[in-house]
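Protein chains get the first letters and strands the later ones, always in sequence-line order, with residue 1 at the start of each.
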Amino acid sequence: MKQIPEIRLYNSYTRSRDILKTHEEGKLGLYTCGPTVYHYAHIGNLRSYIMEDILDKFLRYAGYDVKRVANITDVGHLSSDADEGEDKMVKGAKREKKTVLEIAQYYTDAFFSDCDKLNIRRPDVVEPATNCIPEYIEMISTLLEKGYAYKAGGNIYFDTSKLERYYVFNEHEEENLAVGVREGVEEDGNKKNKTDFVLWFTQSKFEDQALKWESPFFDEMGYPGWHIECSCISKKHLGEYLDIHCGGVDNMFPHHTNEIAQSESYLGHEWCTQWFHVAHLNDESGKMSKSKGEFLTVSLLESKGYDPLSYRLFCLGSHYRKSLVFSFEALDNAVQQYEKLIARIAQTEPMSGEEIDGQVFESFRDKFIKALAMDLNTANAVSLLYDVLKAKTNDATKLALVEDFDTVLSLNLTEAAKKLREDNEEKEKNKFAGVPQEIIDMVNERTEAKKAKNFVRADELRDMVKAAGYTIKDTPQGAEVIKD
RNA sequence: GGCGACAUAGCCAAGUGGUAAGGCAAUGGUCUGCAAAACCAUCAUUCCCCGGUUCGAAUCUGGGUGUCGCCUCCA
């Protein structure tokens, strides 16, 4: 078996950078809270998926046999981040006059299309929440049997008072919790404890629930609560022990806290001990949110002429646990960096028969692993690209390293550099396409005159070409001719 | 109000006790008739503030301040 390096990741559970351990040696189960498919993902959502993608790919690079699972939430949501009351999926459907499932399919496709553009690998298993109703019913039944859940007012609630420790991520004192922080959240009188949460609904303040299922709990049709899906989908595909659970920091509480409560009460043992949380992308006004109306999407960036991979590079330049403020100035910065990086790689051309220097290759590879093994330091990993390009070694080694690093960084470095070279060659080949021979002759004569420093003649020829309806443009590859 | 994370140049940032990486921008230069590109050079006596520990602190510690997130139907 491949020697796996020691990897440290910040663990929200212990609040320290722990050495990664897996339940089964060499194998690693990774779970990601997937998107709610009622609208396009904004680039803040996508930041989390980019950083989780780096984690996923690095773990594979380091030698783990990774199985990654994500859910698609296509049922049961609030209408907005501001929680105004309508179900998100229902509201999305109304907005677009489609059925809930059509909406879900549409935005699921849109989500993965965005991921493709950002080089985010698709998880090994992608499970829509509506696929797992029997699993939810089974888990809820067991929780009822074990006394961790109770029926009240047509719903089933999880009884948090049965837990030794509910707030696993924070040291909350119940009396200090602010009530009704979020507008529109009303206290639910059915709850025995303030912190109890719903596992199964038949009665909800959201009346137009489009999707309902039969259950053994009530005669009425119902639908699952908002936390049960991740617990069940994870268990379905990754078993009773989960190695790493990913998500945005905003899901730490209550979502992840509730997942742990459900899963461990159901399983009767510890479930997941490593929690990876990605900080938010903010704009000048704070947290990026879909409820503010217009929001930044990948398509919007593209329509403004940005390569989505520049955004990926922008994200990699920062640390996943730091909140990042998005601005177009910062993105332009990344665009420049990306273009220059590609240009430099394009200039790196091995001579035929050049061999890779194994020692240099291994020493850089080692540094690359060290950077990412220390709590996924992507900024240092990107810096290493520059060290490689500056290194005293041959071009074959440099290119091999760039290609190797890019299996994790996923910036299309080699492909983009190759394309740049081909484009330049193509331009060179076609620079006189469709231009009459007499014009070409004049252009060539001007080039000669320039070489001979006969600028009077050169300018004269340029004017003659201009008079014939063509403009000469000097480029790094030589003179180009454009028909006016 | 409570809990947590973060605070390093114009911007993005690295840094886990030994004297401030890297990138973008900027400035000067080389080279090109000009320009672009490329290349070379310059660019934080100092790391939010005030104490403490230490031979030595951006790094540890105590106290402030600021920014962001969460506070229970935001997956």
Side-chain angles (χ1 to χ4, degrees), chain A residues 10 12 15 17 32-36 70-73 75-85 87-88 129 155 160 166-167 169-182 184-188 191 193-198 201 204-206 225-230 233 247-259 277 279-280 282 286-287 289-291 313-314 317-319 321-325 327 329-338 340-341 343-344 347 371 374 377 379-380 382-387 390 450 453-456 458-459 473-477:
Chain A
Y10 184 85
S12 311
R15 278 179 247 161
R17 282 190 279 207
T32 304
C33 284
T36 312
N71 62 302
I72 296 284
T73 300
V75 63
H77 294 284
L78 290 189
S79 62
S80 76
D81 291 355
D83 184 36
E84 282 141 7
D87 179 278
K88 278 187 179 177
N155 296 333
T160 51
Y166 171 63
Y167 293 109
F169 295 114
N170 298 292
E171 306 296 336
H172 282 306
E173 299 291 332
E174 203 159 290
E175 56 270 26
N176 288 330
L177 294 176
V179 180
V181 169
R182 294 216 308 261
V185 175
E186 290 156 30
E187 217 165 314
D188 183 342
K191 289 181 183 181
N193 311 290
K194 233 171 153 184
T195 47
D196 291 353
F197 54 93
V198 178
F201 284 102
S204 166
K205 65 181 183 187
F206 312 127
W226 282 266
H227 309 291
I228 196 81
E229 66 178 89
C230 288
I233 293 172
V249 273
D250 55 336
N251 292 146
M252 217 145 89
F253 186 79
H255 182 52
H256 293 161
T257 303
N258 289 349
E259 273 185 61
H277 288 118
H280 275 291
N282 299 321
K287 179 183 170 183
S289 158
K290 288 173 195 165
S291 55
L313 181 60
F314 169 72
S318 179
H319 192 85
R321 265 188 316 117
K322 270 187 174 177
S323 59
L324 228 195
V325 176
S327 67
E329 186 193 353
L331 185 61
D332 288 337
N333 205 327
V335 169
Q336 285 300 325
Q337 184 184 3
Y338 188 59
K340 286 193 172 186
L341 191 55
R344 279 181 72 167
Q347 281 167 12
M374 195 48 179
N377 195 324
N380 277 345
V382 170
S383 283
L384 264 175
L385 283 172
Y386 292 90
D387 293 342
K390 275 188 274 194
K450 270 179 70 176
K453 300 216 182 269
N454 185 353
F455 301 120
V456 177
D459 288 346
K473 198 180 147 207
D474 288 324
T475 72
Q477 286 77 37

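For A/A343 and A/N193, each mapped to the nucleotide of RNA chain B holding its nearest heavy atom, the one lying further toward the 5' end belongs to A/A343. Residue A/M252 is the one, among A/M252 and A/R344, whose nearest nucleotide of RNA chain B lies closer to the 5' end (criterion: closest heavy atom).
Atoms OH (A/Y167) and C1' (B/G4) sit 14 Å apart, rounded to a whole Å. Whole-Å rounding puts the A/N282 CG to B/C11 C1' distance at 17 Å. Here B/C71 presents its C1' atom at 13 Å from CG of A/N258, a figure rounded to the nearest Å. One atom, CZ of A/F253, and another, P of B/C71, lie 8 Å apart when rounded to the nearest Å. Taking atom CZ on A/F197 and atom P on B/U72, their separation rounds to 15 Å, with Å as the unit. For the pair A/N377 CG and B/G15 C1', the computed distance is 9 Å after rounding to whole Å. We find that CD of A/E329 is positioned 15 Å from P of B/C24, with the value rounded to whole Å. Distance, A/F169 CZ to B/U72 P: 17 Å, rounded to whole Å.
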Atom pairs under 3.5 Å: protein N/O with N/O of nucleotides 6-8 of chain B:
unit_1	atom_1	unit_2	atom_2	d
B/C6	OP1	A/R321	NH1	3.4

Give every pair of a protein N or O atom and an N or O atom of nucleotides 20-22 of chain B that lie under 3.5 Å apart, one pair per line with the distance.
unit_1	atom_1	unit_2	atom_2	d
B/A21	N1	A/S383	OG	3.3

Can you check nucleotides 41-43 of chain B for protein contacts, nitrogen or oxygen pairs under 3.5 Å, and list what you find?
none

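Contacts of A/Y10 classified as ring-ring contact (aromatic ring centres under 6.0 Å, His included), with partners at least two apart in sequence or in another chain: none. With sequence neighbours excluded, the residues forming a ring-ring contact (aromatic ring centres under 6.0 Å, His included) with A/H255 are A/H227, listed by chain and number. With sequence neighbours left out, the side-chain contact (heavy atoms from CB on, under 4.5 Å) criterion links A/N333 to no other residue. Among residues two or more places apart in sequence or in another chain, the ring-ring contact (aromatic ring centres under 6.0 Å, His included) test is passed with A/Y166 by none. In this view, A/R321 and A/D375 satisfy the salt bridge (charged side-chain N to carboxylate O under 4.0 Å, His left out) rule, not counting sequence neighbours. Evaluation of the side-chain contact (heavy atoms from CB on, under 4.5 Å) rule for A/D459 yields A/R462 as partners, not counting sequence neighbours. In this structure, the side-chain contact (heavy atoms from CB on, under 4.5 Å) partners of A/A129, at least two apart in sequence or on a different chain, are A/D74, A/V75, A/Y136, A/E229. Applying the side chain to side chain donor-acceptor pair (under 3.5 Å) rule to A/S12 yields the partners A/H277; only residues at least two apart in sequence or on another chain are considered. Listed by chain and residue number, A/Y306 satisfy the side-chain contact (heavy atoms from CB on, under 4.5 Å) test with A/D332 (two or more places apart in sequence, or in another chain).
Between A/M374 and A/N380 there is no side-chain heavy-atom pair separated by less than 4.5 Å. In this structure the side chain of A/F253 reaches within 4.5 angstrom of the side chain of A/Y167, judged on heavy atoms.
Partner assigned to B/A25 is none, using Watson-Crick or G-U wobble distances below 3.5 angstrom. Pair assignment for B/U32 gives none, since no Watson-Crick or G-U wobble pairing has each distance under 3.5 Å. Both distances falling under 3.5 Å, in either a Watson-Crick or a G-U wobble arrangement, place B/C48 opposite B/G64. Base pairing annotation: B/C3 forms a Watson-Crick or G-U wobble pair with B/G69, both donor-acceptor distances under 3.5 Å. For B/G56, there is no paired nucleotide, since no Watson-Crick or G-U wobble pair has both relevant distances below 3.5 Å.
Closest to the side chain of A/W226, out of B/C73, B/C11, B/A13, is B/C73. Listed nucleotides B/A75, B/A13, B/C70 differ in distance to A/C230; the shortest reach to its side chain belongs to B/A75. Candidate nucleotides B/C73, B/C12, B/A75 were compared by shortest atom distance to the side chain of A/L324, and B/C12 ranks first.
Nucleic acid contact class of A/H319 (heavy atoms, under 4.0 Å, all strands): sugar-phosphate only. Counting any heavy atom pair closer than 4.0 Å across all strands shown, A/G248 reaches no nucleic acid atom. Residue-level contact check: A/D459 touches the bases, meaning some heavy atom is under 4.0 Å from a base atom.
Here the side chain of A/T73 pairs no donor or acceptor atom with the backbone of A/G34 at under 3.5 angstrom. The backbone N or O of A/V325 lies less than 3.5 Å from no partner atom in the side chain of A/N282, so there is not a single donor-acceptor pair.
For A/S318 and B/A13, the shortest distance from a side-chain N or O to OP1 or OP2 is below 4.0 Å. A close approach under 4.0 Å does occur between a side-chain nitrogen or oxygen of A/K340 and OP1 or OP2 of B/A25.
Taking atom P in both B/G52 and B/G56, the straight-line distance is 12 Å, to the nearest Å.
Judged by distance alone, with hydrogens and angles left aside, A/N333 brings no side-chain donor or acceptor close enough to the base of B/C12 to form a pair under 3.5 Å.
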